[in-house]
Each structure stands twice: as structure tokens, then as C-alpha cells.
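Heads up, the thing below is written out as C-alpha cells.
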Amino acid sequence: MRTRLTAPAIRARKVGTGVDPLVMVTAYDAPGARMADEAGVDLLLVGDSVAMVVLGYDDTLQVTVDDLAHHTAAVARGLATSAPEREAKKPFVVADLPWMSYHTTPVDAVQNAAQLIRAGAQGVKLEGGRKRLPMIEAIIDAEIPVMGHLGLTPQSMHAMGGFKVQGREHSAALDLVADAKALAAAGCFAIVLEGVPDEVARMVTDAVDVPTVGIGAGPGCDGQVLVYHDVLGIEDRILPKFVRRYADLRSAGVEALSAFAGDVRSGAFPAAEESYHLSAEVAETLGLYGLAPVGA
Ligand code: KIV
């Protein structure tokens, strides 16, 4: 039986120790959180990808701590209203610290992380390696679990020259390993590895005693994460190589909405049984004859 994961329990989930790989998916709202919960995922990530897949921006740099707190609270409310028998099995909620919320001072970073915890997250994620250590250490000192994020870090897209696979060169691969070791030593409970060659992800995974959660990093990580809208086929504009779509909800949605539009235009919706009705007595007192009561 699945039990609710804690940060220390996640920290212990190295695949080599005979446990199942960690399953993480993004969530941005209450219904999405409830669906992922029911599906039995281990972690929900309120990712700054909300900027691109929900809010219509071209990159993740446009969202603020307030935006992430708003979506984190919706996810937490969704889990709070999920079936009572799921109480002991709910996923661990990680919220992304957005760009510029942990780039200035450790004090700012702690306060911003606290806002996300108060909104309903159990941990925060931030991007970057050794140069973010002072912020990571300060947040962990404030008793907030931190998940690292290395490799293709979308908040650095301008500095990286776009969304490009990282760690392809010898020294870049070794840098990634050194960053991961530093994050693990600082106390991160897990590390997301995004957009790195499979071989490099395996090197990093072997080098650290905390789980790595891959996205576009091959099968050698201790877990996998995908974006909700990609898994369900709601996002259709881009299909990165690493995405596997498990449904085509966009097509199903367009089809359903077209059917609704057609029914409204033809008069087929709403039907009598989809409408409220007066009782025959009241209808009669109003001089409305011939309208048979169908429902309340
Ligand atoms: O914001 C996000 O969705 C992420 C995942 C890609 C890991 O950071």
C-alpha cells in the first residue's frame, strides 16, 4: 500500500536500494491534483512551467512567487478535498521557486520559499548548481525541504542560448556531477535532472546518495517527471523528444466542445430533462398550459 511520502522518505528512494522509481507529475490546479492523486503519483510539482502550459507565456520567466503560491494553494485544496480513504496516500507537493525569487539574497529566498510552504507545498524546487548554495543552505536551515534542478534549467534560457541539452561535453558533464554532489551535500532531498544525455544522468545518479528525477535524461534516474499537459496531450504545440503522450485530451476536448456548439446551434441542447420546470399547478396559475413538469 502506498503511504504519504515525506522529504526524508523521498531522500531514501535510490533505485539501487530495491525501491520503485519515483513518479512525479506537474499540477497547477485542484482537478489536476485530484486526478494525479487518484492515479497514485508520488510527487506533485507546481512547476513554473505553469507560465507556458497554462498562462500562455513563451517561457517560464514571466511568473512570480504570488503566481506560484496561487497555483500551489489550488493544488493543496484539490488534495484536501480528495477522497478520505486517500488521506494517508496523498502525494508530496513541491512548488517551484520562480526566476528572481532566490537570485538576490538568502533572506529573500527563505521568505519566498516560506510563502510557497504557507500556500500548501511541503518542499520547494530551485534551479542551479554550486552558485545557488548560499540560498539552498538558508532555505534548508529554515526547515524547508529543497529539491535541486540541474542540466537544462529553463530559467537560464537566455544565458544558455535557448532550451538546449546540457552536459554534452567532457567538462560540462563533470561540472554537472560536481554540482549534484554539492547539492546533495547541502541537504537537497532530491535533484531534478533535465535535458542531459542518458550517460551523464547515470554518472550523476551514481555519484549522489539522493534520488535523481529525470526529464529528458534517460531511464537511468531514480525517478521520472513529466508535465501534466504533455502526458495528457493537452499541449500540442511542441512535442519534445522526451515526452510520451498517454492521452489525446486536446482532440477529445475539441470534439466535445464542437458537439456542444452544434447542439446549441441546432436547438438540441438543452433538452427538457436538462431544464428546471414549474409544477403543473403553478404553471396553470400563470396561464402556461401544456408544459408537462419533468423535474424540479
Ligand atoms: O516547471 C516544471 O514543470 C519543471 C519540470 C520540467 C521539472 O521544472
Side-chain angles (χ1 to χ4, degrees), residues 10 21-29 32-33 36 41-65 67-72 74-75 91-102 112-113 116 119 121 123-129 132 136 145-157 160 162-167 176 179-180 183 188-196 201 204-205 210-218 221-232 234-235 237-245:
I10 294 165
L22 289 165
V23 180
M24 181 158 90
V25 70
T26 63
Y28 315 104
D29 58 22
V41 307
D42 299 313
L43 297 103
L44 290 182
L45 171 65
V46 188
D48 59 0
S49 50
V50 69
M52 299 172 76
V53 295
V54 175
L55 302 177
Y57 293 114
D58 287 335
D59 57 54
T60 60
L61 307 179
Q62 312 304 326
V63 282
T64 63
V65 179
D67 293 326
L68 266 296
H70 177 77
H71 287 276
T72 300
V75 165
F92 186 90
V93 178
V94 180
D96 255 343
L97 277 164
W99 179 60
M100 284 311 286
S101 68
Y102 58 95
N112 289 326
L116 298 178
V124 298
K125 174 167 82 58
L126 59 82
E127 297 181 4
R132 301 290 166 224
I136 292 172
V146 175
M147 175 180 268
H149 185 159
L150 296 172
L152 195 176
T153 46
Q155 292 173 14
S156 320
M157 59 169 287
M160 286 178 171
F163 296 112
K164 291 185 177 157
V165 173
Q166 300 294 305
L176 270 175
D179 277 338
L183 262 51
C188 287
F189 69 93
I191 300 171
V192 166
L193 286 181
E194 178 168 357
V196 298
V204 171
T205 301
V210 300
T212 56
V213 183
I215 175 162
C221 298
D222 299 299
Q224 297 291 330
V225 53
L226 281 178
V227 167
Y228 179 90
H229 290 59
D230 290 336
V231 176
L232 295 181
I234 300 169
E235 172 61 66
R237 292 166 299 177
I238 40 169
L239 182 62
K241 174 184 176 136
F242 58 81
V243 166
R244 188 181 297 176
R245 282 191 182 138

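Values reported hereafter were calculated over all heavy atoms of this structure, with side chains retained and with hydrogens, waters and symmetry mates removed. Start at 1 and go down the list; that is how both ligands and their atoms are numbered.
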Query raised in the report: Can you list the residues that meet the ring-ring contact (aromatic ring centres under 6.0 Å, His included) rule with F92, with sequence neighbours excluded?
Result: F189
Pairs under 3.5 Å, nitrogen or oxygen of ligand 1 with protein nitrogen or oxygen:
{"residue": "ligand 1", "atom": "1 (O)", "partner": "D48", "partner atom": "N", "Å": "3.2"}
{"residue": "ligand 1", "atom": "1 (O)", "partner": "D48", "partner atom": "OD1", "Å": "3.0"}
{"residue": "ligand 1", "atom": "1 (O)", "partner": "S49", "partner atom": "N", "Å": "3.0"}
{"residue": "ligand 1", "atom": "1 (O)", "partner": "S49", "partner atom": "OG", "Å": "3.2"}
{"residue": "ligand 1", "atom": "1 (O)", "partner": "D96", "partner atom": "OD2", "Å": "3.1"}
{"residue": "ligand 1", "atom": "3 (O)", "partner": "S49", "partner atom": "OG", "Å": "2.5"}
{"residue": "ligand 1", "atom": "8 (O)", "partner": "K125", "partner atom": "NZ", "Å": "2.8"}

Query raised in the report: Passes side-chain contact (heavy atoms from CB on, under 4.5 Å), T205 versus L193? Steps please.
Result: CA-CA 9 Å; T205 301; L193 286 181; 4.3 Å; yes
Requested in this report: Fit a plane to each ring of H229 and Y28, take the angle between them on a 0 to 90° scale, and name the class: parallel (under 30°), tilted (30 to 60°) or perpendicular (over 60°).
Outcome: tilted
**Report entry** Identified side-chain contact (heavy atoms from CB on, under 4.5 Å) counterpart of V75 within the set L44, T26, L45
**Finding:** L44
Query raised in the report: Taking the side chain as C-beta and beyond, is there a heavy-atom pair between F163 and L152 under 4.5 Å?
Result: yes
Query raised in the report: For V210, which of I10, I191, L183, D222 qualifies under side-chain contact (heavy atoms from CB on, under 4.5 Å)?
Result: I191
